[in-house]
Amino acid sequence: MIEMWDDDKINAFQATLLTWYDQEGRSTLPWRQDREPYHIWVSEIMLQQTQVQTVIPYFERFMATFPTINDLAMAPEQLLLKTWEGLGYYSRVRNMQKAARQIIDDYAGSWPDNMQELQKLAGIGPYTAAAIASIAFDEPVPAIDGNAFRVFARLFKIDADIAQPKTRKIFFELGQQIIDQKRPGDFNQAIMDLGSSYMTAKNYDSEHSPVKAYNAAYLDGTEALYPVKSKAPKPKPVTYFAIAVKSPAGYLWEQRPTKGLLGDFWMMPLYALTDFILDNDAHWTEEEMIQATQKRLAADYGVVADLKRVPGRPVTHVYTHLKWTVTILTATVKKQNLQRGQWQTMADIQNDPQPKIQDKIWQRLK
DNA sequence: GAGCCGTGGGC
DNA sequence: TGCCCAAGGCT
């Protein structure tokens with residue numbers, strides 16, 4: 001059971017926090033120059049699981065490309081993905097377009113102004129809804145993100161596991177009690193700024209934090225114990241062959257399926273070894289695996305190619321839940337009619353949205 | 001509710 | 001290198 005503050009302590013905390021925020025907060029961030037819901041929204045989506053320094057140039061480019069919600073609603077998908085290329089979690093930008101269309105179709109182009117209604121929009125969950133509602137519309141709802149979890153856990157010595165979804169309720173209700181009713185948006189952003197400066201996950205410096213007098217874990221020397229967070233499972237290893245087939249018309253190039261990892265991005269053909277090699281109990285040499293892949297390539301794409309392994313270590317890439325190990329196979333062929341995919345010149349490939357792992361493969365082919 | 005969904009940075 | 005971390009949401 002946590003020890004709740006009385007009204008005097010809450011008021012004093014708010015005053016201390018907001019005074020610090022007014023003086024030391026990151027007021028120059030490009031999405032803090034006004035309170036346009038569109039600007040707040042785009043920044044909040046980009047900032048999900050992504051650091052501020054990474055987001056800044058993407059935010060500027062996104063606003064130049066899609067100045068209004070109407071521009072976003074009408075954008076072709078390839079431009080969406082190209083604008084988001086490198087940010088990751090690409091469903092974020094697809095959902096943004098869905099939400100833009102929802103606002104136009106269901107709300108006559110005018111933003112809903114409260115947390116409950118905002119959560120009906122695609123890609124907007126409890127955190128983002130509270131952030132937009134408080135920052136753009138002054139609704140006094142706490143925005144419970146990773147920063148708020150960490151800061152509140154230390155201030156109040158909360159030992160619930162923040163990796164568990166049900167824990168959110170504890171923090172939200174606590175936040176409701178201590179949020180500043182007059183400046184809820186600034187309160188939420190101040191907690192975030194605190195969480196990314198003095199009260200980071202590692203190398204925190206609570207000694208110099210403006211709210212150290214309110215930090216129960218710091219005061220009794222148990223700060224290292226908070227927040228409590230169970231470990232995520234390790235990424236599962238997956239092994240692929242990537243097939244780099246070059247013809248006079250360009251590389252064999254194919255768009256990935258819409259659903260799942262890297263949906264609708266362009267890549268070279270990939271074969272997971274488990275798809276057709278490890279399903280039986282046979283022991284395969286690498287040469288046998290390459291030969292099997294070559295036959296598969298002919299059957300799937302109609303491409304006859306003498307595949308050679310690119311020397312050196314395979315390319316690796318770690319996702320949140322997967323670890324890819326990719327061995328590259330290459331061949332140079334005449335232009336052949338394709339059953340799947342297309343021949344694409346390097347000039348055109350540059351314009352296609354493609355994932356980081358594909359970029360690593362290009363680097364290896366240089 | 002557990003698994004899925006990217007990438008870059010720090011140590 | 002192999003972890004963990006960074007303004008989460010969807011299924």
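In what follows, chains are A, B, ... by sequence order, proteins preceding strands, each numbered from 1.
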Using atom CD of Gln48(A) as one end and atom C1' of dT7(B) as the other, report the distance to the nearest whole Å. 14 Å

For Thr128(A), report the nucleic acid contact type (base, sugar-phosphate, nothing); a contact means any heavy atom under 4.0 Å. sugar-phosphate

Report yes if a side-chain nitrogen or oxygen of Gln49(A) is closer than 4.0 Å to either non-bridging phosphate oxygen (OP1 or OP2) of dG8(C); otherwise report no. yes

Any N or O donor-acceptor pair under 3.5 Å from the base of dG6(B) to the side chain of Thr50(A)? yes

How many Å lie between NZ on Lys234(A) and P on dC4(C), as a whole number? 9 Å

Using a 4.0 Å heavy-atom cut-off across all strands, classify Asn188(A) as base, sugar-phosphate, or nothing. nothing

Presence of Lys236(A) side-chain N/O under 4.0 Å of dG3(B) phosphate oxygens OP1/OP2: no

For Trp324(A), answer base if it contacts any base atom (sugar-phosphate contacts may also be present), sugar-phosphate if it contacts only those atoms, and nothing otherwise; contact means non-hydrogen atoms under 4.0 Å. nothing

Indicate whether OP1 or OP2 belonging to dC10(C) is found under 4.0 Å from a side-chain N or O atom of Tyr89(A). no

In whole angstrom, give the distance that lies between atom CG of Leu80(A) and atom C1' of dG6(B). 17 Å

OP1 or OP2 of dA2(B) sitting under 4.0 Å from any side-chain N/O of Gln164(A)? yes

Rounded to the nearest Å, what distance is computed from the CH2 atom of residue Trp84(A) to the C1' atom of nucleotide dT7(B)? 13 Å

Report yes if the side chains of Tyr38(A) and Val42(A) come closer than 4.5 Å at any heavy-atom pair, otherwise no. yes

Take atom CZ of Arg94(A) and atom C1' of dG9(C), then tell me their distance rounded to the nearest Å. 15 Å

Heavy atoms under 4.0 Å, any strand shown: does Val52(A) hit a base, just sugar-phosphate, or nothing? base

So Lys157(A) and Asp159(A), salt bridge (Lys or Arg N to Asp or Glu O under 4.0 Å) or not? Walk me through it. CA-CA 6 Å; Lys157(A) 295 180 63 177; Asp159(A) 41 26; over 6 Å; no

Nearest-Å distance for atom pair CD/P, residues Gln53(A) and dG8(B): 13 Å

What about Tyr240(A) and Trp324(A), are their ring centers closer than 6.0 Å? yes

Whole-Å distance between dC4(C) P and Ile162(A) CD1? 14 Å

When you compare the side chain of Met268(A) with that of Glu254(A), does any pair of heavy atoms fall below 4.5 Å? no

Is Lys323(A) touching bases, backbone alone, or none of the nucleic acid, heavy atoms closer than 4.0 Å? sugar-phosphate

Is the phosphate of dT7(B) approached by His317(A) (side-chain N or O, under 4.0 Å from OP1 or OP2)? yes

Please report the distance, rounded to the nearest Å, between CD1 in Ile45(A) and P in dG9(C). 7 Å

Indicate, with a heavy-atom threshold strictly under 4.0 Å, whether Gly263(A) touches base, sugar-phosphate, or nothing. nothing

Hey, which of these two, Lys166(A) or Gln354(A), hits DNA chain B nearer its 5' end, going by closest nucleotide? Lys166(A)

Polar pair under 3.5 Å, donor/acceptor by atom type, side chain Arg150(A), base dA6(C): no

Looking only at side-chain N and O atoms, does His321(A) come under 4.0 Å of OP1 or OP2 in dC5(B)? yes

Distance to the ring centre below 6.0 angstrom and angle to the axis at most 45 degrees; does that hold for Arg154(A) and Tyr204(A)? yes

Determine the contact category for Ala131(A): base if any of its heavy atoms lies under 4.0 Å from a base atom, sugar-phosphate if only primed atoms, P, OP1 or OP2 are that close, otherwise nothing. nothing

With a 4.0 Å cut-off on heavy atoms, is Gly88(A) in touch with a base, just the backbone sugar-phosphate, or nothing at all? base

Tell me if the side-chain of Thr320(A) makes a donor-acceptor pair with the base of dG6(B), cut-off 3.5 Å, by modelled atom types. yes

Quick check on DNA chain C: between Arg32(A) and Asn95(A), whose nearest nucleotide comes earlier from the 5' end? Arg32(A)

Over all heavy atoms of both residues, which pair between Ile357(A) and Tyr319(A) is shortest? Give the atoms and the distance, please. CG2-OH, 3.4 Å

With heavy-atom distances below 4.5 Å as the criterion, would you say the side chains of Arg26(A) and Asp193(A) are in contact? yes

Pairwise P distance, dG8(B) and dG9(C) [rounded to whole Å]: 22 Å

